[in-house]
Amino acid sequence: MLELIDAGFRYPHRDWIFRHANLALDGGITSILGPNGQGKTTLLRCLSGLNTLAEGTVVRHAEIGYVPQAAASTFAYSVFDMVLMGRARKVSAFAAPSRLDRAHTRAVLERVGIDDLADRSFAELSGGQRQLVLIARALVGECEYLILDEPVSALDLRNQARVLELLRDLAADGMGVLLTTHHPEHVLHLGGAAIVLTAPERIRQGPVAELITDAVLSELYGIEVVRAEVDDRGRARTVLFTRYDTADSPSARLQEV
Ligand SMILES: Nc1ncnc2c1ncn2[C@@H]1O[C@H](COP(=O)(O)OP(=O)(O)OP(=O)(O)O)[C@@H](O)[C@H]1O
């Protein structure tokens with residue numbers, strides 16, 4: 001449904017963010033991991049059509065809903081209107097939203113768990129609340145592929161869990177889901193596929209179970225990442241932890257050379 005073929009992107013007068021990239025996304029959940037500044041947002045924007053590739057081709061066979069990273073906002077709209085605006089592509093240019101559009105908006109607010117915020121001003125919300133509103137706004141447009149930039153970065157633990165479950169539900173309903181994250185343990189929980197950005201010409205894609213190993217994560221972040229199995233109500237669950245005493249770790253030595 002989404003594809004990059006020999007794709008390259010660079011900002012004007014800058015080095016390549018990625019080059020000779022080949023990716024094929026066929027639906028389900030795909031998580032993108034990479035260190036700060038490696039190009040995750042840029043890659044999402046290229047796949048969404050918000051940035052234009054410098055080289056190669058992007059193929060888009062799906063209607064895309066894009067959820068940007070939550071940012072400060074001066075929009076004085078109510079949450080309800082803000083989400084309703086996501087319905088725009090379902091409403092003809094000169095038509096007012098119908099009762100059906102309003103009912104759909106209410107249903108999505110409930111599904112995301114923010115119906116109690118409907119009448120609040122978007123500008124007055126916290127970062128986490130805004131993040132949930134932006135997810136609702138993308139969903140209300142009934143896209144086929146939901147692309148989310150760090151959708152849980154501003155959320156507390158319960159809301160992180162709620163959004164992860166929502167993304168799994170949406171994928172189970174047939175929606176493609178592509179997200180960036182700095183939480184490898186969330187990627188293990190979500191399953192599906194992963195994309196790992198290590199360098200402009202080193203972008204790997206594969207099943208989470210095969211690609212997301214201690215060695216790959218340690219290389220990716222330059223800090224030792226170790227997995228452990230814990231008992232989660234009678235079932236084995238993998239958790240990850242980093243070694244903070246990095247002074248003697250192989251990755252610290254690697255960074256020194
Ligand atoms: N508009 C721009 N003009 C020039 N350089 C940019 C622009 N936007 C981003 N960059 C640079 O491109 C690189 C990749 O940025 P990007 O936001 O895609 O990274 P990221 O992996 O999403 O980072 P983070 O995890 O910190 O959000 C960074 O070095 C950034 O400084």
Side-chain angles (χ1 to χ4, degrees), residues 2-23 25 29-58 60 64-73 126-128 130-135 138 145-156 159-160 163-164 167 176-190 192-206 208 211-212 216-225 240 242 244 246 251 255:
L2 289 176
E3 209 176 340
L4 281 186
I5 303 162
D6 200 20
F9 181 87
R10 68 201 302 180
Y11 291 102
H13 317 295
R14 303 285 171 130
D15 292 338
W16 291 97
I17 300 289
F18 58 86
R19 202 174 189 195
H20 304 308
N22 291 288
L23 295 172
L25 302 169
I29 299 188
T30 305
S31 306
I32 302 179
L33 285 170
N36 286 129
Q38 196 63 50
K40 298 178 296 299
T41 299
T42 305
L43 180 63
L44 285 194
R45 290 177 60 87
C46 288
L47 283 163
S48 306
L50 297 167
N51 284 351
T52 306
L53 291 175
E55 290 180 356
T57 310
V58 55
R60 240 175 267 116
I64 287 171
Y66 184 74
V67 183
Q69 254 174 296
S73 166
S126 75
R130 274 200 286 264
Q131 208 158 25
L132 295 170
V133 173
L134 294 178
I135 293 174
Y145 228 109
L146 189 63
I147 296 186
L148 312 99
D149 197 359
E150 294 187 36
V152 303
S153 60
L155 300 183
D156 65 38
N159 281 327
Q160 288 182 17
V163 167
L164 294 180
L167 297 183
V177 175
L178 175 67
L179 67 145
T180 59
T181 178
H182 287 300
H183 296 278
E185 66 281 13
H186 291 178
V187 179
L188 293 178
H189 173 68
L190 289 171
I195 293 170
V196 174
L197 309 187
T198 315
E201 298 198 36
R202 188 159 158 77
I203 298 181
R204 283 166 286 176
Q205 179 180 13
V208 166
L211 187 54
I212 304 306
V216 166
L217 293 174
S218 300
E219 177 201 352
L220 192 61
Y221 296 115
I223 187 168
E224 241 184 308
V225 180
L240 297 169
T242 46
Y244 295 118
T246 55
S251 52
Q255 294 216 318

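As the structure lists them, so they are numbered: ligands from 1, and atoms in each ligand from 1. Below, all heavy atoms of this structure are taken into account, side chains as well, without hydrogens, waters or symmetry copies. Predicted model only: the values in this text are computed from it and were never measured.
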Any donor-acceptor N/O pair, Ser31 side chain to Ala194 backbone, under 3.5 Å: no
Per-atom contacts of ligand 1 with Lys40, taking only distances under 4.0 Å to non-hydrogen atoms: 18 (O), 19 (O), 20 (P), 21 (O), 22 (O), 23 (O), 24 (P), 25 (O)
Approximate separation, where rounding is to 0.5 Å, of Lys40 NZ and Leu44 CG: 9.5 Å
Those residues that, when tested against Gln160, pass side-chain hydrogen bond (donor to acceptor under 3.5 Å, both in side chains) (two or more places apart): His186
Protein heavy atom at shortest distance from atom 17 (O) of ligand 1: Thr41 CB, 3.7 Å
Subset of ligand 1 atoms that lie under 4.0 Å from at least one heavy atom of Ile17: 12 (O), 13 (C), 14 (C)
Nearest-option assignment for atom 14 (C) of ligand 1, heavy atoms, candidates Pro35, Pro12, Cys46, Gly37: Gly37
Closest protein heavy atom to atom 10 (N) of ligand 1, given as residue, atom name and distance to 0.1 Å: Tyr11 CE1, 3.4 Å
Test item: Thr181 and Leu33 side chains (from C-beta on) under 4.5 Å apart, heavy atoms: yes
Part of Thr180 within contact of ligand 1 (heavy atoms, under 4.0 Å): neither
Atom 25 (O) of ligand 1 protein-contacted, heavy-atom criterion under 4.0 angstrom: yes
Atoms in ligand 1 with a heavy atom of His182 nearer than 4.0 Å: 25 (O)
Derivation of the side-chain contact (heavy atoms from CB on, under 4.5 Å) call for Leu43 and Thr180: CA-CA 10 Å; Leu43 180 63; Thr180 59; over 6 Å; no
Residue Glu150 vicinity, atoms of ligand 1 by number, heavy atom under 4.0 Å: 25 (O), 27 (O)
Which residue and heavy atom of the protein sit nearest atom 19 (O) of ligand 1, plus the separation: Gly39 N, 3.3 Å
Separation between CG of Leu146 and CG of Leu148, rounded to the nearest 0.5 Å: 4.0 Å
Heavy atom of Gly34, distance to ligand 1 below 4.0 Å: no
Heavy-atom side-chain contact between Val208 and Leu188 under 4.5 Å: yes
Gln205 (side chain) donor-acceptor with Ile195 (main chain) under 3.5 angstrom: no
Thr42: numbered ligand 1 atoms lying under 4.0 Å from its heavy atoms: 14 (C), 15 (O), 16 (P), 18 (O)
Flag, side chain of Gln38 to backbone of Leu197, donor-acceptor distance under 3.5 Å: no
Heavy-atom protein neighbour under 4.0 angstrom from atom 6 (C) of ligand 1: yes
